[in-house]
*Asks:* 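Got a structure here, written out as structure tokens. Questions coming.
All values derive from a computational prediction rather than experimental measurement. Proteins come first, then strands; the chains are lettered A, B, ... in the order of their sequence lines, and each starts at number 1.
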Number of protein chains: 2
Amino acid sequence: MPRVEPTDPARPEPESEPASESGSESGSRAERKERTRRAILDAALALAADSNLAAISLRQVAKQVGVVPTAFYRHFGSLELLGLALVDESFRSLRLMLLDVWRHAPEYRDFIDGSLPIVAQHVRENRSHYAFIARERTAGPPRVREAIRHEIDLITRELATDIARSGAAEQYSSADIGLLADLIVSFVVTMAERLVDDPEAEERTLAQARTQLRMLLVGALNWRSREPADGGSR
Amino acid sequence: MPRVEPTDPARPEPESEPASESGSESGSRAERKERTRRAILDAALALAADSNLAAISLRQVAKQVGVVPTAFYRHFGSLELLGLALVDESFRSLRLMLLDVWRHAPEYRDFIDGSLPIVAQHVRENRSHYAFIARERTAGPPRVREAIRHEIDLITRELATDIARSGAAEQYSSADIGLLADLIVSFVVTMAERLVDDPEAEERTLAQARTQLRMLLVGALNWRSREPADGGSR
DNA sequence: CTTGACAGTGAACGTATGTTCACTCAAATA
DNA sequence: TATTTGAGTGAACATACGTTCACTGTCAAG
């Protein structure tokens with residue numbers, strides 16, 4: 001039986017079923033496996049927070065979860081694959097949040113005041129995931145870095161098509177729309193990094209980001225693409 | 001054995017002086033110490049490039065340098081202090097480069113076309129240092145992270161005073177100048193990260209960055225600060 | 001009721017880690 | 001010339017690492 005002696009990793013998992021059993025070994029076989037998997041993901045997330053993924057060990061994770069090191073391999077082939085799983089779940093949640101943002105952005109004016117608080121709230125509620133992404137984006141194993149960059153690229157493209165659709169697509173070349181989307185996403189990534197880094201300063205960070213985003217969009221509104229094939233050959 | 005370092009144990013040290021002695025033990029006592037110190041810094045820089053500072057070991061560094069592990073302590077008390085030294089030397093070089101940039105920026109138009117190539121060249125010639133900064137900025141030991149953030153803050157402030165001096169300081173509140181400087185520095189940091197990440201794409205990255213920086217400055221030129229102390233809140 | 005699948009166990013392995021300590025021996029100082 | 005200094009040595013330590021292997025006990029399918 002799995003012992004639960006280390007720092008209590010009580011599952012705050014939203015169970016659709018009313019958990020009649022308070023013990024840690026309830027549920028079906030598959031449910032128990034999934035619970036261990038979650039515990040491993042959470043433990044890795046917590047341990048990596050004090051340094052980074054490449055600096056933690058399989059044995060530390062296993063110890064924190066309360067299982068023997070070998071049990072790790074039943075769930076992940078390596079720490080790198082664990083990292084990819086964390087990237088996956090981080091961006092799955094992020095994309096759901098972005099659906100809200102897309103919806104609440106009918107005009108440019110509302111775009112900022114409507115979107116930023118939603119993003120900030122999501123960062124606040126998923127701090128460890130954002131911290132993970134911010135760190136591993138530049139310092140993670142190559143495959144993890146690539147996965148994160150790919151996800152951000154996808155988001156940038158979505159924002160670009162959204163700008164092209166709802167904005168004045170006439171005055172911008174499609175290349176310039178892409179560049180604008182990239183500028184915005186890069187800025188929001190930077191802002192998210194700051195929210196993660198210093199949660200206490202959320203209010204100030206947000207106020208500044210709002211002004212900066214407005215500066216940026218003033219630039220966009222006064223922008224005229226010169227030639228069709230200006231700087232962007234795609 | 002997850003990773004190996006097939007690095008040649010030979011000294012790849014670029015000597016500017018015509019080495020009359022082919023051996024590696026010329027010079028005074030202090031010079032020899034300094035040479036070992038440099039070798040340690042370079043070795044750590046190279047080893048961290050495959051993961052990050054927190055993931056490498058004192059022994060790996062010592063092995064790569066070609067000294068016994070204990071010799072490390074004659075130069076640095078810990079890997080963290082080594083990291084701080086690397087931050088220091090990275091930004092010392094960076095600041096020298098920025099002096100050039102400040103000088104060659106009399107107008108906004110020239111600011112972009114004159115500055116970006118200088119920055120790009122510096123990144124190209126100091127790739128390993130920029131890679132180090134980019135990684136450790138988010139994933140390094142806390143004190144290293146803090147040191148990097150502090151250096152970037154100083155640069156941002158310098159840019160702000162430079163904008164206030166040479167630009168039209170009338171139409172912006174001082175707070176907004178700071179926000180604009182932060183916007184620019186953040187963007188350049190992102191651009192530098194990309195140059196480091198994919199040196200092959202330097203030309204395209206630079207072309208896009210030039211357009212994006214122009215978008216950003218169009219925003220700045222059309223910006224009017226609403227109230228003295230506040231941002232553009234409505 | 002039997003049986004196979006399989007999450008988790010526990011020992012064992014060879015190797016790598018940080019740090020200590022007493023030491024050498026050539027250059028710098030006196 | 002005699003002495004001090006200090007960069008680099010090499011052994012030793014306790015601990016941690018990833019990975020292997022044969023195992024156990026229980027849930028679910030046959």
*Asks:* What integer distance in Å separates L82(A):CG from dG18(D):C1'?
*Replies:*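 These atoms are roughly 15 Å apart.
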
*Asks:* I want to confirm an ordering. Mapping A30(B) and G77(B) to their closest nucleotides on DNA chain C, which one lands closer to the 5' end?
*Replies:*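 With A30(B) and G77(B) compared, the 5'-side residue is G77(B).
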
*Asks:* May I ask you to decide if L53(B)'s main-chain N or O and E136(B)'s side chain share a donor-acceptor pair within less than 3.5 Å?
*Replies:*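 Here the side-chain-to-backbone pair exists.
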
*Asks:* Taking T138(B)'s backbone N and O only, do any of them form a donor-acceptor pair with R135(A)'s side chain (distance below 3.5 Å, no angle check)?
*Replies:* no

*Asks:* If you find the nucleotide of DNA chain C closest to S78(B) and the one closest to S28(B), which residue's nucleotide is nearer the 5' end?
*Replies:*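 Result of the comparison: S78(B).
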
*Asks:* Mind calculating the distance between CG (L58(A)) and P (dA16(C)) to the nearest angstrom?
*Replies:* 18 Å

*Asks:* S57(A) side chain: which of dG6(D), dA7(C), dC17(D) is closest?
*Replies:* dC17(D)

*Asks:* dA7(D), dG10(D), dT20(C): which one has an atom nearest the side-chain heavy atoms of V68(B)?
*Replies:*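 Nearest listed nucleotide: dG10(D).
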
*Asks:* Examine dG8(D): is either OP1 or OP2 under 4.0 Å from a nitrogen or oxygen in the side chain of T36(B)? Give yes or no.
*Replies:* yes

*Asks:* Indicate yes or no: does R165(B) engage D162(B) in a salt bridge with an N to O separation below 4.0 Å.
*Replies:*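 Yes, this pair counts.
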
*Asks:* Without decimals, in angstroms, what is the distance between K33(B) NZ and dA27(C) C1'?
*Replies:* 14 Å

*Asks:* Taking atom types as they are modelled, is there a donor-acceptor pair under 3.5 Å from the base of dG8(C) to the side chain of R74(A)?
*Replies:*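 A donor-acceptor contact between them is present.
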
*Asks:* Rounded to the nearest Å, what distance is computed from the CZ atom of residue R59(B) to the P atom of nucleotide dC13(D)?
*Replies:* 14 Å

*Asks:* In terms of side-chain heavy atoms of R29(B), which of dA28(C), dT17(C), dT9(C) is nearest?
*Replies:*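 Selected nucleotide (nearest to the side chain): dA28(C).
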
*Asks:* Please report, rounded to the nearest Å, how far the P atom of dG8(D) is from the CD atom of E31(B).
*Replies:*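 Nearest whole value for this atom pair: 14 Å.
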
*Asks:* To the nearest Å, how far apart are R37(A) CZ and dA7(C) P?
*Replies:*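 These atoms are roughly 12 Å apart.
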
*Asks:* For T70(A) and for V67(B), find the nucleotide of DNA chain D with the closest heavy atom, then tell me which residue's nucleotide is more 5'.
*Replies:* V67(B)

*Asks:* How many Å lie between CD on Q64(A) and P on dC17(D), as a whole number?
*Replies:*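 After rounding, the gap between these two atoms is 13 Å.
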
*Asks:* State plainly whether the residues E89(B) and R38(B) are in salt-bridge range, i.e. N to O under 4.0 Å.
*Replies:* yes

*Asks:* Is the closest side-chain heavy-atom distance between L183(A) and F187(B) below 4.5 Å?
*Replies:*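 Yes, at least one pair of side-chain atoms sits under 4.5 Å.
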
*Asks:* In whole Å, what is the span from the CZ atom of R32(A) to the C1' atom of dA5(C)?
*Replies:*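 Taking atom C1' of dA5(C) as the reference, CZ of R32(A) is at 15 Å.
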
*Asks:* Taking only the side-chain heavy atoms of A71(A) (C-beta and beyond), determine which of dT20(D), dA7(D), dG8(C) contains the nearest atom.
*Replies:*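 In terms of side-chain proximity for A71(A), the closest of dT20(D), dA7(D), dG8(C) is dG8(C).
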
